[in-house]
Amino acid sequence: MTFDYNTTRRKLILAEYGRNVQNMVAYICDLPTKEERNRHAQVVIDLMGFLNPHLRDVADFKHKLWDHLHIISDFKIDVDSPYPKPSPDAIHIKPEPLGYPQKRIRYKHYGKTVEILMQKAKAIDDPERKQLMVQSIANFMKMAYVTWNKDSVADETIINDLKELSNGELVLEDNVNLTKVEFRPNAPGLRQKNQQKSNNQNGKNRQNNRGQGNRPKSNGKRY
């Protein structure tokens, strides 16, 4: 007696459609006439759309299903598709490797995004709009500082770092106050601390109750 294990079966090409769909597509490929293949292929396309309803939100929904049909058949199915048949080379194209950034970040706790934003702010000609941009950058820097250092920071520190990173070209007005940012511990740790505090309090209450239970009851008489 032989058992049919997945390890001995043919590899699933698109696992989200399942093995039954793949077997149906293989059956269609072996049909003798194109008329039969077209009729059965349309049924399988409808089934594929039913199995993956999230694809209905994708542009060219039907086009994608027909492309998947060709891919599942290993590009061997011969049907009259309403869309051009995809090329195997286009499907299996190897993406170019992503290069690591080579530029040095002066203050890593602020990140490279702050430096990019500063370059954008320098290019703004409107003084009022530029000042609003500088204030937004300073608030972002303060938030990033507290996130990484987990401590409060004075506005003067952020203003000085802003001036240094921008080579003195971006300066906040004197009457501007930055948004207040406070570091808060993670919620799971806070819950654990509160739970431990509650357990300690419950333990004290139980000890007090036991102590009161061992005391002799008074009969109200004075001796």
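- Both Leu51 and Val44 are assigned to one and the same hydrophobic cluster, defined by single-linkage of ILVMFWY side chains at heavy-atom distances under 4.5 Å.
- Between Tyr107 and Glu164 the shortest side-chain heavy-atom distance falls below 4.5 Å.
- In terms of heavy-atom proximity, Ala41 sits nearest to Val79 at CB-CG1, 4.0 Å.
- Contact check for Leu65 versus Leu69: no side-chain heavy atoms found under the 4.5 Å cut-off.
- Under a hydrophobic clustering in which Ile, Leu, Val, Met, Phe, Trp and Tyr are joined whenever their side-chain heavy atoms come within less than 4.5 Å, directly or via other members, Val171 and Phe140 fall into different clusters.
- With rounding to the nearest 0.5 angstrom, the CD1 atom of Ile45 is 11.5 Å from the CG atom of Asn38.
- Interatomic distance, NZ of Lys120 versus CE of Met133, reported as 8.5 Å (0.5 Å rounding).
- Using cut-offs of 30° and 60° for the angle between ring planes, the His70 and Trp66 rings count as tilted.
- Hydrophobic clustering keeps Trp148 apart from Leu117 (ILVMFWY residues linked when any side-chain heavy atoms are closer than 4.5 Å, directly or through intermediates).
- Annotation: side chain of Thr179 is not in contact with side chain of Lys142 (no heavy-atom distance under 4.5 Å).
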_What verdict does the side-chain hydrogen bond (donor to acceptor under 3.5 Å, both in side chains) test give for Glu156 and Asn160, after you've listed the backbone C-alpha separation in whole Å, the side-chain angles of each residue and the deciding distance to 0.1 Å?_
CA-CA 6 Å; Glu156 290 75 13; Asn160 292 334; over 6 Å; no
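- Using the six-membered ring where Trp is involved, His109 and Tyr145 have ring planes that are perpendicular, over 60° apart on the 30 and 60° scheme.
- Both Ile124 and Val134 are part of a single hydrophobic cluster, where members link through side-chain heavy atoms under 4.5 Å apart.
- Interatomic distance, CE of Met141 versus OG1 of Thr157, reported as 10.0 Å (0.5 Å rounding).
- A donor-acceptor pair shorter than 3.5 Å cannot be found between the side chains of Ser166 and Glu169.
- The shortest distance between side-chain heavy atoms of Phe75 and Pro86 falls below 4.5 Å.
- When side chains are defined from C-beta on, Leu178 counts as touching Leu172, because their heavy atoms get closer than 4.5 Å.
- You'll find the side chain of Leu132 stays beyond 4.5 Å of the side chain of Arg129, heavy atoms only.
- Heavy-atom contacts from other residues, nucleotides or ligands closer than 6.0 Å to NZ of Lys163 number 12 or fewer.
- Using a 4.0 Å cut-off between charged side-chain N and carboxylate O, Lys180 and Asp155 make no salt bridge.
- Enclosure of atom NZ in Lys76 is not indicated, since only 12 or fewer non-hydrogen atoms of other residues, nucleotides or ligands lie within 6.0 angstrom.
- Hydrophobic cluster membership is shared by Tyr17 and Phe61, with clusters built from Ile, Leu, Val, Met, Phe, Trp and Tyr side chains linked at under 4.5 angstrom.
- In this structure, OG on Ser136 lies 10.0 Å from CD on Gln131, to the nearest 0.5 angstrom.
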Report all side-chain donor-acceptor pairs from residues 21-30 shorter than 3.5 Å, counting only partners two or more places apart or in another chain.
unit_1, atom_1, unit_2, atom_2, d
Gln22, OE1, Ile13, N, 3.0
Gln22, NE2, Lys11, O, 3.2
Asn23, ND2, Arg19, O, 3.4

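- In this structure, CD1 in Ile158 is found 12.5 Å from CD1 in Ile137, a value given to the nearest 0.5 Å.
- Between Met48 atom CE and Leu14 atom CG the span is 7.0 Å, to the nearest 0.5 Å.
- No side-chain donor-acceptor contact under 3.5 Å links Arg37 to the backbone of Ile77.
- Using a 4.5 Å heavy-atom threshold, the side chains of Lys130 and Leu170 count as touching.
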